[in-house]
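Accompanying notes for the structure given below.
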Amino acid sequence: MVALAAIALLASQIAAQLSPPVTINDAKGNPLPQCAFDASKGKARLEPPLDGYMMLGMSLDWSYETPTTSSQGKMKGYTAAVYNSWLDMGPSLGNGTGYDKNMLNWFGSEAGRVGAILELTLNPPKEFSPTGPDLKDLTPEMYDSIARDFARINQIYGTPIFLRWGHEMNGDWYGWGNEPRAFIASHIALTNAVRKYTNMTAMVWAPNIGITYPFVGGGARESPAPGGLDFDLLDTNKDGKIDSFDNPYSPFWPGDDYVDWVGISLYYYPRQDCHNDCPVPDNYFKQLLTGGFNNPEAPGSGDTNAWLATRNFYQQFAEAKNKPMMLPETGSPWIANWSTRAGATTEVKVKEGWWSQVFSQDTMKNYPRVKLAVQYEEAKPLALDGEAAFQDWRVTNNTETMNWWNGFIGGFKSNLRDASQLVYNCDGSITIGSKQAVTTSAGGVASVTGGASSSGPGVGPTSSKSAGSVNMVSGLAAVVLAYFL
Ligand SMILES: *[C@@H]1O[C@H](CO)[C@@H](O)[C@H](O)[C@H]1NC(C)=O
Ligand SMILES: *[C@@H]1O[C@H](CO)[C@@H](O)[C@H](O)[C@H]1NC(C)=O
Ligand SMILES: *[C@@H]1O[C@H](CO)[C@@H](O)[C@H](O)[C@H]1NC(C)=O
Ligand SMILES: *[C@@H]1O[C@H](CO)[C@@H](O)[C@H](O)[C@H]1NC(C)=O
């Protein structure tokens, strides 16, 4: 039935694609010599030459918008370098990878249509259950299958992929959280598989910011009890406890060879006591980045040196590991519920306060390894400080905020590389140039129903998201790939 639909649509589905197909294998499926990643060039996989530049990414709610509608419609023709999407595995791992391959294909084709890099946040089985599937249940065949799927997206659409696997693994709100040994083994297995098939997919290692680490009450796996190997790893100062004196990140590091980019989930939150009326404090972004922001309630936060030694993410992972860094999801939410209270400020101020620190001359000068910041362009009901709230991180969902955003990005644009300037090569390098649209029949036009997104801030007990499904009615590329994948 699906195949018949494809034939009927063949003639009508010729679409322009900005990322031309890339040849990464010979006729026998073996890697081509020119596609070998060359570390001696001094750049990571998918690290463009960005001296003096940064990149913008957009993490869309794909249930109602795509890179094309976001860039060409709302952002007045400005195409971000990166678009993020979310993909869930499981809960039943089924016959293979347990995720919706058509959805993956659609994300790849839509990013390729605008010539952007796809950030793909791939969630291992998410629900925590002692009997359900877990990181430990993933098999070599599954890693191999995932890697081949990603390589095909790289090849067919020419779309490079930032593969963010098992993000926020230091939290207690996902099924893969708080199990450093299983995470590391899994990350290494997936990295090895991916590199066998492609160098155009880069591995991103991205925990959650550890201000309130160790996290409690997130609804999935809490910190392990003493006596096990995971406990020993997480008790970094070996004092017999997992507490705020321990390093929130290092137990999950898979090793320098298995990470291309580092990242951290990092947001601004207006707190309850000031009801949308908190200006973003000066230097707030860089304090988060470097651990300078203390959690006043955490034991040990008064001891600045001890705190900084474990909390300075930028120094420990971008500088010391010599890696490019991204903010794979970031933003500042407007909480309309609080907008009528005395002293409330405006949505634009809440968002401008954050973004003017992230995209700034200060960031470029003092934190040059921060190369990419991805705006979390979603909204969801999510309590803040125990109060019901609808948090809206979006910058393009109403005219006033969108006008500010477009003006803001317009003003910073000379410091940004956008999708039209990035040329992707099969060895994982990116050069600066201009690219031309090619006409291709592989321009997927499937549409999404349901909530395509599956994560973002404040997940855990409050989140209720599920992977959407692709409506295949007019999805030629999805149909074609259903055979390949
Ligand atoms: C990726 O690059 C490595 C060298 O860094 C090379 O050995 C490998 O074959 C390449 N993979 C592909 C699929 O080209
Ligand atoms: C596994 O494959 C069978 C037949 O190929 C199919 O009917 C079934 O829905 C698949 N299960 C999952 C979870 O994908
Ligand atoms: C306030 O929060 C609730 C709970 O999330 C939400 O349903 C409601 O729409 C919000 N009201 C406004 C005005 O945003
Ligand atoms: C705003 O978001 C809603 C969903 O929350 C969506 O249906 C609508 O199209 C969006 N409007 C714009 C201008 O993006």
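These numbers come from the heavy atoms of this one structure, side chains and all, not from hydrogens, waters or symmetry mates. Positions are given from 1 along the sequence. Indexing begins at 1, ligand by ligand and atom by atom, following the structure's order.
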- [ ] Go through the steps to decide whether Thr79 and Asp418 satisfy the test side-chain hydrogen bond (donor to acceptor under 3.5 Å, both in side chains), and finish with yes or no.
- [x] CA-CA 6 Å; Thr79 308; Asp418 61 56; over 6 Å; no
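- Atom CG of Asn30 has more than 12 neighbouring heavy atoms from other residues, nucleotides or ligands inside a 6.0 Å radius.
- For Arg394, the closest heavy-atom approach to ligand 4 falls below 4.0 Å.
- Distances between N or O atoms of Phe37 and those of ligand 1 include at least one value under 3.5 Å.
- By the 4.0 Å heavy-atom criterion, Thr198 is counted among the residues contacting ligand 1.
- Atom 9 (O) of ligand 1 has Pro31 CB, 3.9 Å as its closest protein atom, hydrogens excluded (heavy atom only).
- Using a 4.0 Å cut-off between heavy atoms, Lys74 contacts ligand 4 through its side chain alone, with no backbone atom that close.
- Of the possible polar contacts, one joining the Glu222 side chain to the Gly217 backbone as a donor-acceptor pair under 3.5 Å is found.
- Remark: ligand 3 and Ala336 share no N or O pair separated by less than 3.5 Å (distance only, no angle test).
- The single protein non-hydrogen atom nearest to atom 7 (O) of ligand 1 is Ala36 CB, 4.8 Å, given as residue, atom name and distance.
- Less than 4.0 angstrom separates some heavy atom of Cys35 from each of these atoms of ligand 1: 1 (C), 10 (C), 14 (O).
- At the top of the distance list for atom 8 (C) of ligand 1, counting protein heavy atoms only, stands Asn199 ND2, 3.9 Å.
- In terms of polar-atom proximity, Lys196 is not counted as a contact of ligand 1, lacking any N or O under 3.5 Å from an N or O of the ligand.
- The backbone N or O of Leu422 sits less than 3.5 Å from a side-chain atom of Lys435, completing a donor-acceptor pair.
- Atom OG of Ser186 and atom CZ of Arg181 lie 13.5 Å apart (nearest 0.5 Å).
- Among protein heavy atoms, atom 14 (O) of ligand 3 sits closest to Asn337 OD1, 3.2 Å.
- Contacts between Ala389 and ligand 3, counted as non-hydrogen atom pairs separated by less than 4.0 Å, involve the backbone only.
- Using a 4.0 Å cut-off between heavy atoms, Thr396 contacts ligand 4 through its backbone alone, with no side-chain atom that close.
- Ligand 3 places these atoms under 4.0 Å from at least one heavy atom of Phe390: 2 (O), 5 (O).
- Nearest non-hydrogen protein atom to atom 11 (N) of ligand 4 is Asn397 ND2, 2.9 Å.
- Taking the ring axis of Phe128 as reference, the NZ or CZ atom of Arg221 does not stay both within 45° of it and closer than 6.0 Å to the ring centre.
- If you run salt bridge (charged side-chain N to carboxylate O under 4.0 Å, His left out) between Arg195 and each of Asp260, Asp257, Asp144, only Asp260 comes through.
- Counting only heavy atoms, the protein gets under 4.0 Å from atom 5 (O) of ligand 3.
- Judged purely by atom type and a 3.5 angstrom limit, Ser145 has no side-chain atom pairing as donor or acceptor with the backbone of Glu141.
- At most 12 heavy atoms of other shown residues, nucleotides or ligands fall within 6.0 angstrom of atom CD in Glu400.
- Few gaps surround NZ on Lys323; more than 12 heavy atoms of other groups in view lie less than 6.0 Å from it.
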